[in-house]
Structure formats: C-alpha cells, structure tokens
Amino acid sequence: MAAFLEVQNLVKSFGTNTVVKGVNFAFEKGEFISLLGPSGCGKTTILRMIAGFERPTSGAIRVDGDEITHLKPNQRKLGMVFQAYALFPNLTVGDNIAFGLKIAGMPADQRRARVEEMLRLIGLPGFEKRFPYEMSGGQQQRVALARAIAPKPRLLLLDEPLSALDAKIRVSLREEIRAIQQDLGITTVFVTHDQEEAMSISDRIVVMNAGNLDQMGSPHEIYNRPSTRFVATFVGQLNTLPEASFGPNRAIRPELISLAPRPETDTTLTGTISDVGFLGSVVRLRVDVSGTPINIDTFNSHATTPPQRGDTVTLHLAAKDVLTLGA
Amino acid sequence: MKSQKFWAWLIFVLGAAYFIIPLAATFEFSLRMRRGEYSFDAYASVFADPYFASSFAYSVIVGLFTIVVGILVVVPAVYFVRLRMPWLRPFMEFVTLLPLVIPALVLVYGYIRLYGSSSFIPFTGSVLGTDILLTCAYVTLALPYMYRAVDNGMRTIDIGTLTEAAQIAGANQLQIIGQIILPNILVAILSGAFLTFAIVIGEFTIASLLNRPAFGPYLVGIGTNRAYEPAALAIISFIITWGAMGMINVLGRFAPRTSARTD
C-alpha cells in the first residue's frame with residue numbers, strides 16, 4: 001500500500017535554533033499516529049508544519065500523493081483540534097460545526113443534516129443552539145472534534161486535545177476519539193507528551209527526542225523493543241540492572257520480574273524489600289539488590305498478602321527480557 | 001462609621017454639585033427666553049433654524065464616514081500587528097497617541113499646506129475633496145480612542161488560535177476578519193465608534209478652518225450672536241454626547257456574553 005501521509009527530511013529552524021532535524025516518516029491511510037515526546041522535542045512543530053502554520057526550512061510533506069509543503073493552511077483540506085478548544089465564541093455549536101462546510105459552499109439543508117449527523121456521532125444531539133460558553137470543557141472539545149471532521153478532511157490533526165481536561169474526562173474522551181477515528185477510518189496525527197495516552201490509542205507511535213525521530217513503531221514494539229535509551233526510559237518504567245552481574249546498560253521492565261520462578265525464568269537476584277506500594281490491582285515493590293534499587297510490579301491477589309518491608313526475597317527474571325540500552 | 005459615611009456623602013454631593021449646578025443653571029437660563037415665565041422658546045428657535053438641521057446632518061454623515069473609515073483602518077492594522085508583528089506594538093501605541101499631543105490647529109495647518117489648492121494634491125480645491133480631507137482628519141483625531149477600544153477587544157480573545165482554527169477550516173483572511181474577528185470584538189468596536197461620533201459632533205477647529213458647514217462651527221457661531229439659543233444648544237449637544245456614551249453601555253449589556261468587552 002502506498003503511503004498516505006509522507007514526511008521527508010523535514011527540517012525547521014527558528015533563527016539558529018533547529019527544532020526539527022531531518023525527520024522522515026510515512027503512514028498508511030486510516031492509521032492513528034501519535035507524535036510522542038517531552039516538551040520542546042519538536043512534535044508540535046511537525047504538526048504545525050503539516051497544518052501549514054509553520055513553513056518548513058527544508059523537506060517535503062505529502063498527503064495522498066499531493067505535495068502540500070507550500071500550500072496555505074486553508075488550501076490543505078485538513079481538520080484540526082486545538083488544546084484550547086478554539087471554538088468560535090460568537091457562533092452556536094451548530095454554526096461552529098457548519099463553519100468549514102459553509103466556507104466550502106455546501107447548501108444550507110445539507111449543512112443542517114451534516115451538523116445533526118456530527119452531533120449524534122459525538123453524543124451531543126440537540127446541542128445546535130447552545131453557545132460554547134454554556135458547555136463544559138469536555139463537551140467543547142467534542143464539538144471542536146466535530147467541527148474538524150465535518151468537512152471530511154483528508155487528515156485529522158490533534159494538538160494535545162486532552163491536556164486541558166481533567167483526568168476522568170481525558171480517558172473517556174480519548175476512547176471516544178479512537179472509536180470515532182476507527183469508525184470513519186480517518187488518518188489521524190495525534191500530538192502528546194503522555195506516553196500512556198499515546199500507547200492506549202495509537203496504531204503507530206513516533207517517539208521524538210530533541211528534534212530527532214528516535215523510534216517509530218506500534219505501541220507493542222516501542223514498549224518491548226525500545227531502540228534507544230531515551231525511548232526505553234521515556235516510555236514506561238524501567239529498572240537499570242546491577243552492572244556487576246549483568247554488564248553495563250542492561251535494564252528490565254518492572255512487570256517482567258517475579259518473586260516466584262516461572263517456566264521461562266533463568267536468572268535470580270537476591271535483595272531486601274525497602275518499600276511496598278499497594279496501587280490496587282498492582283502491588284509495586286522496591287527491592288534493594290546490593291545497593292541497586294529495583295522496582296517490581298506484581299498483581300494483587302486475594303490469597304496472598306504482600307511481602308513486608310525488610311523481607312529478603314529472591315527475584316526471578318528471564319535473560320531474554322533484559323534490554324540492552326544503546327546510546 | 002457614621003461620620004465616615006457623612007464625609008463620603010459630603011464629598012459625593014460636592015463633586016456632583018460641581019458638575020450639576022452649571023448644567024442646571026444653563027438649562028434654567030435656556031428656558032428664560034420669554035420674559036417673566038419659563039418656556040422652550042429657545043429650543044423652538046434652535047430647531048426652527050435650518051442651519052441647525054443642515055449642520056447637524058452634515059456632522060452626522062461625516063461622523064458615520066469617519067467611523068467606517070476608522071474601523072477599516074484600525075481593525076486590520078491591530079489584527080495583523082497582534083498576530084504577525086507584535087514587535088511593532090510600541091510603535092503603534094506611540095503613533096496612535098500623537099493626535100492627543102499635536103493640537104488640531106497644527107494638524108489642520110499642515111493639511112492646508114500639504115493639500116491646499118496650489119499643492120500637488122489639491123484636496124481643498126473642491127467641496128468633495130475638502131469633505132474627504134475633513135473625514136481623514138477626524139479619523140486621525142479619533143485614532144487614539146478607536147485604537148485602544150479595538151486593541152482591548154482583541155486582547156480578550158485568543159486571535160491566534162481562532163485564526164488558525166478558521167484557516168484550517170478553509171477560511172481566507174477576509175472571511176476570518178469578517179466572520180470571526182469582527183463579531184467577537186463588536187462591542188469594543190461600538191464603544192470606539194460612539195467615542196468617535198461624540199468627538200466629530202462637537203469638533204470646531206478643523207471644520208472651521210476647512211470652512212465646512214459642520215455642527216461645531218455652527219455652535220460657535222450661534223454662541224457669539226445669540227443670548228438664549230447657545231444655552232439651549234449646549235443642553236442639546238450635552239444630551240447627544242451622553243446619549244452616545246449611554247449607548248456604549250446599553251449595547252454592551254445586550255451583546256452576547258461571548259463578545260469581547262473593553263470594560
């Protein structure tokens with residue numbers, strides 16, 4: 001299958017400061033892609049270059065085979081959702097959703113039908129006449145999503161759309177966004193600094209670090225086979241293993257260590273429990289292995305009580321689960 | 001507590017008296033045209049004067065043109081400076097303050113030198129040209145008020161993100177300013193418009209020196225020739241000016257809650 005969204009050697013400098021340093025990626029139609037990284041890594045700048053709000057210093061952006069690198073934002077036929085909702089405060093919800101359709105010259109009756117369809121899709125039927133200030137943040141952001149997808153854009157761009165919402169709505173809305181995206185099959189680029197958010201809804205993740213693309217792959221690949229030290233530490237929890245017994249730059253995920261032997265385990269370590277954190281479904285133990293702190297995640301169980309602080313325990317792990325961290 | 005309230009009220013009454021007594025005295029005097037009794041004869045005389053109606057109508061029309069030209073100049077200028085050239089803002093602030101610093105007399109002499117009938121661009125050579133010049137002069141005079149009103153209005157909305165949201169939806173610059181920015185700062189624009197109107201209605205210097213039949217020169221002419229009518233006219237123009245100011249508040253209250261305000 002040919003690439004639907006293609007970014008080639010994309011570079012962006014502001015004066016002497018290069019914030020995107022030659023990024024390449026290509027994605028297929030219908031994929032949900034996350035650009036993940038800490039603030040200042042260049043992920044938002046890439047999104048803004050795809051949208052047309054920033055001009056690339058060099059490189060090319062293609063959507064569905066069309067080169068859009070130098071088109072104005074209003075010529076690109078894209079939809080975008082902003083962190084701060086950015087609904088037009090003078091327009092009703094219905095007029096906000098219909099804005100792009102009206103600009104495109106769609107007749108009034110078709111517009112009304114499309115607005116109704118969109119409101120049903122986002123679970124806010126009958127909200128046409130409301131004004132944005134009469135709605136909660138989560139509702140406003142859903143309207144912003146409806147406004148972005150109403151004109152059937154080629155690409156949906158999401159610029160940290162969940163950051164301004166509180167935790168519970170953040171989780172429910174991200175599931176809703178993913179469901180709508182899969183329903184419509186719309187290619188989506190999602191910018192976030194939250195690795196859990198990225199892993200839970202993406203088909204593929206692009207991990208950015210200081211202007212470079214560090215790794216690109218499915219959430220499963222990114223988590224289990226991180227290609228750089230940065231990706232390994234930024235995505236998920238990680239234990240650095242004692243150099244004396246494993247050699248330098250060896251690490252392992254906390255859920256891959258257990259207190260009892262498993263069929264695949266072939267390595268043991270002995271240590272003292274220094275802290276027990278009961279998180280509900282997961283019990284997080286901190287074990288001191290001759291000076292190296294190691295975190296272990298075990299599932300809570302009815303039958304057994306968690307070990308106590310000061311207990312001496314044997315840790316079991318499999319050598320194949322040990323990650324070697326590169327530069 | 002009691003005495004504090006007393007002093008507060010005393011100061012309030014003194015302050016109010018300072019403003020109200022001259023106004024009340026003017027009003028009282030304007031009613032005394034007929035010997036021995038109060039009457040509205042002076043007002044009847046003012047309204048019967050064809051020059052009152054024609055000069056007032058002239059000033060209203062010039063005022064409306066001034067407002068339209070002012071909005072067309074100021075709104076896009078403030079919008080682009082805020083959006084793309086924020087480093088220009090101190091310069092804008094300075095330029096828009098100049099009309100308050102430079103006397104109208106200096107401005108109009110400059111105009112006459114530059115655009116006089118013997119110059120390369122003889123605006124004052126024709127009636128229409130002079131009217132255009134007068135309107136331009138008023139736009140300049142009203143600039144400090146219009147600029148501040150519009151600038152305050154735009155400060156209360158996130159014009160950057162709203163512009164991007166409209167752009168990605170396919171809108172061009174004109175559609176963005178007309179359909180998104182203008183409606184959201186309408187109340188701010190209206191307050192600037194009414195201030196402009198109040199300035200234009202009473203302006204004397206420029207209209208007089210350009211020899212245009214505006215309301216300001218008419219007021220002054222009456223004031224030097226008649227006894228009771230000037231008092232009546234003072235009351236009338238006071239009502240017009242305060243009416244304009246009052247409209248700012250009234251419209252501000254009626255406007256949707258979403259619209260940006262200057263207060």
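We name chains A, B, ... by the order of the sequence lines, and we start the count at 1 in each one.
The nearest pair of heavy atoms linking A:F88 to B:L162 is CE2-O, 3.6 Å. Contact detail for A:A86 and B:A165: the closest heavy-atom pair is O-CB, 3.8 Å. Nearest heavy atoms, B:P183 versus A:N90: CB-ND2, 3.2 Å. Nearest heavy atom pair, residue A:P89 against residue B:N184, reads CG-OD1, 3.2 Å.
Here the CZ atom belonging to A:F99 is positioned 12.5 Å from the CD1 atom belonging to B:I168, to the nearest 0.5 angstrom. Here the CG-CD1 distance, from B:N172 to A:I103, works out to 7.0 Å after rounding to the nearest 0.5 Å.
Both the backbone and the side chain of A:A51 come within less than 4.5 Å of a heavy atom of chain B. Only the backbone of A:L87 has a heavy atom closer than 4.5 Å to any heavy atom of chain B. Contacts of B:Q167 with chain A are made by both backbone and side-chain atoms, with heavy-atom separations under 4.5 Å.
Atom CZ of A:F14 is surrounded by more than 12 heavy atoms from other residues, nucleotides or ligands within 6.0 Å. Heavy atoms of other residues, nucleotides or ligands lying less than 6.0 angstrom from CZ of A:F53 number more than 12. The local environment of CZ in B:F91 is sparse, with at most 12 non-hydrogen atoms from other residues, nucleotides or ligands closer than 6.0 Å.
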